[in-house]
Amino acid sequence: MSGTDLAYGYAQARLQARFSSRPVASDWQHIAATRDLGAVLQIARGNALARWTSRLPPRPDVHEIERRLRDEWLQAVDEVADWQPEPWREGTRWIRWVTYLPALQKLARGGRAPAWMRADPILGPIVAREPRERAAALAHTPLAPLAAGFTDPPDVRGAWTRHWQSLWPDDRAARAPLERLLRAVREHRARRATAPDEATSEDSLQALAHQLKVLFRRHPLSPVAAAAYLGLLALELRQLRGALATRALREAPVAAP
């Protein structure tokens with residue numbers, strides 16, 4: 001497989017169509033100016049964000065928002081994976097688990113699991129085990145390679161990355177853009193880790209989004225096109241999740257003391 005492979009023609013056509021129909025700045029501005037959760041959902045359902053929100057009820061609570069968006073993300077990654085040539089499907093499908101990495105890192109540390117983790121179909125069986133048994137509980141799940149991250153100190157993200165790299169094509173020209181994508185993500189995380197407490201993540205996220213767009217445009221017909229597109233999709237979902245969760249929490253009834 002070379003860095004540019006005509007076997008990716010079908011996938012690239014589908015990805016390009018989706019890339020071109022992503023939300024624009026005015027969509028986000030409209031959402032930012034709207035405080036009511038129901039109104040935000042109506043706006044989102046009228047633009048490119050409808051793919052995430054069409055199955056949400058009119059007034060979801062924050063747990064329903066989180067659960068639905070996780071489901072939509074898994075479906076979105078599987079759809080993109082199905083478009084890929086067979087050698088890159090598993091590598092693409094492995095990206096579906098990135099949204100679970102923070103929760104799994106918490107479990108690897110032995111942390112107490114909140115209720116949503118216990119109810120989650122992926123995490124529930126792991127949470128049900130004693131902390132020392134959680135790595136073994138992964139063995140018979142699609143997350144089995146992440147057991148290598150249940151170490152001391154825990155490094156679930158590192159285990160995810162190592163397994164993903166094992167699924168990359170052997171061809172050096174195809175691997176080089178994937179390495180650049182990983183480097184961009186690591187640089188973003190490093191910027192966030194060293195930022196002052198009062199800083200926001202906006203500039204760093206914009207820089208990461210720019211790098212992902214460059215990779216997508218410069219390397220069509222290659223494995224990195226799907227990975228870069230899904231990276232952009234994850235950033236889009238993160239922004240939408242924040243907008244919906246903030247409004248849902250604002251509208252949530254205050255518990256009696």
Side-chain angles (χ1 to χ4, degrees), residues 1 3 5 7-8 10-12 14-15 18-19 51-52 69-108 117 120-126 134-151 154-186 188-189 208 211-212 215-216 219-238:
M1 188 190 314
D5 191 329
Y8 286 85
Y10 174 77
Q12 187 65 32
R14 302 299 299 268
L15 289 171
R18 292 291 178 85
F19 182 86
R51 65 174 299 154
W52 305 115
L69 294 184
R70 284 196 301 273
D71 289 346
E72 296 295 343
W73 165 254
L74 296 179
Q75 291 180 41
V77 178
D78 286 347
E79 179 183 44
V80 173
D82 287 343
W83 298 339
Q84 304 306 307
E86 193 279 331
W88 186 230
R89 284 180 192 155
E90 285 308 306
T92 305
R93 191 167 284 114
W94 184 243
I95 297 173
R96 75 200 309 260
W97 305 121
V98 296
T99 56
Y100 279 91
L101 296 183
L104 288 163
Q105 181 77 2
K106 179 180 175 69
L107 294 179
M117 286 192 195
D120 185 86
I122 303 296
L123 298 177
I126 302 165
R134 286 171 178 169
L138 291 168
H140 302 294
T141 75
L143 300 171
L146 299 183
F150 279 62
T151 52
D155 187 17
V156 174
R157 192 178 300 275
W160 181 91
T161 300
R162 289 188 294 274
H163 183 67
W164 191 45
Q165 289 175 304
S166 77
L167 300 172
W168 288 4
D170 294 330
D171 183 76
R172 185 175 180 179
R175 294 176 70 91
L178 290 166
E179 290 285 2
R180 288 196 287 275
L181 185 149
L182 268 185
R183 188 160 56 248
V185 173
R186 286 168 175 156
H188 162 69
R189 294 182 64 230
L208 176 58
Q211 291 171 297
L212 292 173
L215 286 167
F216 180 86
H219 301 281
L221 303 174
S222 76
V224 80
Y229 170 75
L230 287 172
L232 289 166
L233 210 60
L235 295 181
E236 174 186 308
L237 186 60
R238 180 186 186 277

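Along the sequence shown, residues carry numbers from 1. Atoms considered below: every heavy atom in the structure, side chains included; atoms not considered: hydrogens, waters and symmetry mates.
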With rounding to the nearest 0.5 Å, note down the distance linking CG in Leu101 to OG1 in Thr161. 7.5 Å
Closest non-hydrogen contact found for Val77 with Arg96 is CG1-N, 3.6 Å
Side-chain donor/acceptor of Gln84 to backbone N/O of Ala11, under 3.5 Å: no
Under the criterion side chain to side chain contact (heavy atoms under 4.5 Å, CB included), I'd like the reasoning laid out for Leu123 against Leu104: C-alpha separation, chi angles, the key distance, then a yes or no. CA-CA 8 Å; Leu123 298 177; Leu104 288 163; 3.7 Å; yes
What I want to find out is whether Arg93 reaches Glu90 closely enough, with some N-O distance under 4.0 Å, to be called a salt bridge. yes
Which label fits Tyr229 and Phe216: parallel for a plane angle under 30°, tilted from 30 to 60°, or perpendicular past 60°? tilted
For Ser222, is there any backbone N or O sitting under 3.5 Å from a side-chain donor or acceptor partner on Trp88? no
To the nearest 0.5 Å, tell me how far Leu138 CG sits from Ile122 CD1. 11.0 Å
Determine the minimum heavy-atom distance between Trp168 and Trp164, stating which atoms define it. CD1-O, 3.0 Å
Trp83 and Thr92, any side-chain heavy atoms less than 4.5 Å apart: no
When rounded to the nearest 0.5 Å, the distance separating CH2 of Trp94 from CG of Leu143 is 6.0 Å
Whether Trp160 side chain and Leu146 backbone form a donor-acceptor pair below 3.5 Å: no
Sub-3.5 Å donor-acceptor pair from the side chain of Trp73 to the main-chain atoms of Leu233, do we have one? no
List the steps and the verdict of side chain to side chain contact (heavy atoms under 4.5 Å, CB included) for Glu72 and Leu237. CA-CA 10 Å; Glu72 296 295 343; Leu237 186 60; 5.8 Å; no
Rounding to 0.5 Å, atoms CD1 (Ile126) and OG1 (Thr141) come to a distance of 5.5 Å
Heavy-atom nearest pair, Ala108 first then Val156, reads CB-CG2, 3.9 Å
Out of curiosity, Phe19 CZ to Leu212 CG, how far, rounded to the nearest 0.5 Å? 9.5 Å
Close side-chain approach of Tyr100 to Leu74, heavy-atom, < 4.5 Å: yes
Mind checking the CZ-CD spacing from Phe150 to Gln105? Nearest 0.5 Å is all I need. 8.5 Å
Assess the residue pair Arg157 and Val185 against the criterion (side chain to side chain contact (heavy atoms under 4.5 Å, CB included)); give the C-alpha distance rounded to whole Å, side-chain angles, the decisive distance to 0.1 Å, and a yes or no. CA-CA 12 Å; Arg157 192 178 300 275; Val185 173; 5.7 Å; no
Quick one: does Tyr8's side chain get under 4.5 Å of Pro223's, heavy atoms only? yes
Measure across Ala159 and Ala148 and return the closest heavy-atom pair with its distance rounded to 0.1 Å. CB-C, 4.1 Å
Are Leu178 and His219 close enough, and set up right, to give a side chain to side chain contact (heavy atoms under 4.5 Å, CB included), and what steps lead you there? CA-CA 10 Å; Leu178 290 166; His219 301 281; over 6 Å; no
Minimum heavy-atom separation for Gln12 and Ala225, please, with both atom names. OE1-CB, 3.4 Å
Of all the heavy-atom pairs spanning Arg89 and Ala81, show the shortest one and how long it is. CG-O, 3.1 Å
Quick one: do Arg18 and Glu79 make a salt bridge, cutoff under 4.0 Å? yes
Are the side chain of Arg180 and the backbone of Leu215 linked by a donor-acceptor contact shorter than 3.5 Å? no
